K.L.:
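Quick one: the structure is below, questions incoming.
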Number of protein chains: 2
Amino acid sequence: MDLSERQLQILQAIINDYVENAEPVGSRSIAKKYDLGVSPATIRNEMSDLEEMGYLTHPHTSAGRVPSDKAYRLYVNTLMKKKNLSAKEKKMINERLDASRDEFDRTIRHAAELLSEITNLASFAMTPATNDETISFIRLMPVDERTLILMIVGESGNVTNTTLRINCPCTQEQLELLSKNMTVQYKGRTLDDALKSDIIEDVGTDIEAMGQLRGNVMPSFMKTLEDMLNVNLYMEGMTNIFNLPEYSSIDRARDFMELFARKDWFTQKMLARDDGVVVTIGEENDSLKDCTLITATYHVDGKLVGKIGVIGPTRMKYGEITSIMEYLTNNLSETFKLTDGSERKEDEE
Amino acid sequence: MDLSERQLQILQAIINDYVENAEPVGSRSIAKKYDLGVSPATIRNEMSDLEEMGYLTHPHTSAGRVPSDKAYRLYVNTLMKKKNLSAKEKKMINERLDASRDEFDRTIRHAAELLSEITNLASFAMTPATNDETISFIRLMPVDERTLILMIVGESGNVTNTTLRINCPCTQEQLELLSKNMTVQYKGRTLDDALKSDIIEDVGTDIEAMGQLRGNVMPSFMKTLEDMLNVNLYMEGMTNIFNLPEYSSIDRARDFMELFARKDWFTQKMLARDDGVVVTIGEENDSLKDCTLITATYHVDGKLVGKIGVIGPTRMKYGEITSIMEYLTNNLSETFKLTDGSERKEDEE
DNA sequence: TGTTAGCACTCACATGGTTAGAGTGCTAAT
DNA sequence: ATTAGCACTCTAACCATGTGAGTGCTAACA
């Protein structure tokens, strides 16, 4: 059943008011603040209907109405107006973002910080997933007689290295040979793929010393691959939520914090392969039944993909926040798209 | 003025009781639980004296006594018995610590996690400071025509790398030459030292292309040096403090969280050049007037240095916690001392 | 028939008074 | 010097009451 124009107006008014003040909103205050041309009594009747349809709830008889998840969902899907960021806001974001293609980690962390500052919510951001990254080359370098550096380089410039110790001395030549062998073997394969295959004996281990060296190196190689696959998750602004009335009780705050400390939960959330801004409201989340999670995807060369997100009570400024996140991720994607030098940023300033 | 034997006993009893129960302790309960052979009235008199001397306070007239910072200080300096860890506890720590010389970051993060789990407090841990690390070599490697990897390797096996873009193509030979030049220039110098000196034109820039390349690389080089200097700070177990009665008020909890979110504050705390286990109680801290901070130092080759710490209310199990931290840091230092292969851990298990 | 005024009713919350209990501090007896 | 006894203090819990915001219903109205 569809809602009448007036019902929509009233619902919107209730949502606006509740998002603003975090307190159950009564018919009288709606009638006063929003000029709907009807009396509180009429609004009461409509409210009653809206409640029956599941858009509003009632903490107790003599309290005002509170929007339900269903109401927010309707709001986000149809009622919400995206906020156009002002030039000043855009400028602020551009300046603060300080994005650089070469430093995913720093950029992403800054994005999370910025996001939580602007929204006054808790935020998190994930560095690009590298499942599809392909290996470009592998190199082994000596540090001292028994210590060497193993370095894996991906096609898009991802680099990870480990220092490892070996139990037998080896020569520079052996290291170079093994580097070459391994590069031949793994070049062009994705990290995922490389990690799965445990073809240790594939390549000719003609000399015994070489076999031994390889045996020393392989475990570290696998561990380094794993490192390279691991995304970093940055979480910022968790103390912001203390300022929200919904978390003025210690138990609620604790619950939130405990969830927020569970990085793995977020990581899992982030791995969903959706695109753009996604809003998950209240019960739509499995945990977090009273929180809304908004994520937005950014792109790296259209190939790798990462996310930023905010989390807060279902009562949040959806229009504003989704707009900010959209702008922010577009900005990130733009920065991460360039392959012809890193000059763009300087040009703009 | 010195305290009498009996006063010390009473003070110790009060501290024990308060640390255990977090509630002001009265004369009667002391007399009952601890067999001091005197009546509550006598204990009351002594308490009164102890309060006059500043070891105890009184939330209000009809409440029991609470130890002051001064009392805890006395306790830590003279009364406290270090707890001998049981074989089981040691084994647990050894197993869980999972220390490896090659992976400072992971090891240190695990140490922080472990520490907060054992103590039920918030913990933090700092990766080794690398101010004194000396540069071993510098290498530049091509990824594609305009992208290259800059790698700085320290004498003790520290490696940091950056991917950077250059605005002019260059040859493999040029990269190798520049690597060599830079290595000659910086080898043996500490990171601190290298960062300070901006001798950009020192080395022969005979060919113009080389000068240009160098100009492209140097800013990234400096930034990478900075990266290499930066210690990582891991913080764990902050939600533990929600379980403590002193943080059952939302305001106290918020204050704590806000401080805990200020990594810079901890970093600064950590940079103090003290050694071993250091206990800083209440007012002795500049912020955190009602918290105790315990830090402990671990060593890497006796040269580089890092710290782990716990933070909680002044009411904490000093004896137990300091012992655990001592054991833990010894364990870390031991792992980080070895230079003759990484076999030790396996030997022990 | 939709809208509205009016009014009884509900419920959370604040206020204030009372009580119980834990603990002190003092005094006088041991 | 120690202790029993007792008056005194103060918090926390409990209860009773009042207040006000807000609803839901009914009857009047346009």
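Chain letters run A, B, ... following the sequence lines, proteins first and then strands; every chain starts at 1. Just so you know, these numbers come straight off a predicted model, no measurement behind them.
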K.L.:
From CD of A:Glu46 over to C1' of C:dG2, roughly how many Å is that when rounded to an integer?
P.N.:
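Whole-Å distance recorded here is 10 Å.
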
K.L.:
Tell me, which pairs form a ring pair (Phe, Tyr, Trp, His ring centres under 6.0 Å) where one or both residues lie in residues 58-77 of chain B, sequence neighbours left out?
P.N.:
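Found B:Tyr72-B:Tyr318.
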
K.L.:
Roughly how many Å is it from CZ in B:Arg44 to P in D:dG5, rounded to a whole number?
P.N.:
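Going from B:Arg44 (CZ) to D:dG5 (P), I get 12 Å.
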
K.L.:
Please assess A:Arg109 against A:Glu236 for the test salt bridge (Lys or Arg N to Asp or Glu O under 4.0 Å), listing each intermediate value before the final yes or no.
P.N.:
CA-CA 8 Å; A:Arg109 201 183 63 238; A:Glu236 299 287 338; 5.1 Å; no

K.L.:
Does B:Thr42 make a side-chain N or O approach to OP1 or OP2 of D:dT3 shorter than 4.0 Å?
P.N.:
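So the side chain of B:Thr42 is within the cut-off, an N or O lying under 4.0 Å from OP1 or OP2 of D:dT3.
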
K.L.:
How many whole angstroms separate atom CZ of B:Arg6 from atom P of D:dT3?
P.N.:
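Whole-Å distance recorded here is 8 Å.
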
K.L.:
Between A:Pro24 and A:Tyr18, what is the shortest heavy-atom contact and its length?
P.N.:
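Between these two residues, the closest heavy atoms are N-CE1, 3.9 Å.
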
K.L.:
Identify which one of B:Ile241, B:Asn243, B:Thr239 satisfies the side chain to side chain contact (heavy atoms under 4.5 Å, CB included) criterion when paired with A:Arg254.
P.N.:
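Answer after filtering B:Ile241, B:Asn243, B:Thr239: B:Asn243.
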
K.L.:
Tell whether B:Arg65 reaches the base of C:dG25 with its side chain through a donor-acceptor pair below 3.5 angstrom.
P.N.:
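Side chain to base: no pair present.
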
K.L.:
Does anything in residues 12-35 of chain A reach DNA chain C, meaning a heavy atom under 4.0 Å, and if so which residues?
P.N.:
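When residues 12-35 of chain A is checked for heavy atoms under 4.0 Å from DNA chain C, there are no hits whatsoever.
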
K.L.:
Could you state the atom-to-atom distance from CG of A:Asp49 to P of D:dC25 in whole Å?
P.N.:
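Computing the A:Asp49:CG to D:dC25:P distance gives 12 Å.
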
K.L.:
So that I know where these two stand, are B:Phe124 and B:Phe260 an aromatic pair - ring centroids less than 6.0 Å apart?
P.N.:
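No.
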
K.L.:
Taking atom types as modelled, find out whether A:Ser86 and A:Glu89 have a side-chain donor-acceptor pair closer than 3.5 angstrom.
P.N.:
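Note: A:Ser86 and A:Glu89 side chains meet the donor-acceptor criterion.
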
K.L.:
When the distance from CD1 of A:Ile43 to C1' of C:dT3 is rounded to whole Å, what number comes out?
P.N.:
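Going from A:Ile43 (CD1) to C:dT3 (C1'), I get 12 Å.
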
K.L.:
Within this structure, what is the NE2-to-P distance between B:His60 and C:dA22, rounded to whole angstrom?
P.N.:
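Going from NE2 in B:His60 over to P in C:dA22 covers 13 Å.
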
K.L.:
Figure out the CG/P separation between B:Leu50 and C:dG25, and round it to whole Å.
P.N.:
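Result: 12 Å.
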
K.L.:
Check this one for me: any side-chain N or O of B:Thr61 less than 4.0 Å away from OP1 or OP2 of D:dT9?
P.N.:
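No, because none of the side-chain N or O atoms of B:Thr61 sits under 4.0 Å from OP1 or OP2 of D:dT9.
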
K.L.:
For DNA chain D, whose closest nucleotide is more 5', that of B:Pro59 or that of B:Ser39?
P.N.:
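Its nearest nucleotide lies further toward 5', so the answer is B:Ser39.
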
K.L.:
Tell me: CE of A:Met47 to C1' of D:dT23, nearest whole Å?
P.N.:
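So the two atoms are 10 Å apart, to the nearest Å.
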
K.L.:
Under the side chain to side chain contact (heavy atoms under 4.5 Å, CB included) test against B:Thr119, which residue among B:Ile311, B:Val310, B:Ile294 passes?
P.N.:
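So the option named by the test is B:Val310.
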
K.L.:
Could you pick out which residue, B:Ala41 or B:Ser62, lies toward the 5' side of DNA chain D when each is mapped onto its nearest nucleotide?
P.N.:
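So the residue in question is B:Ala41.
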
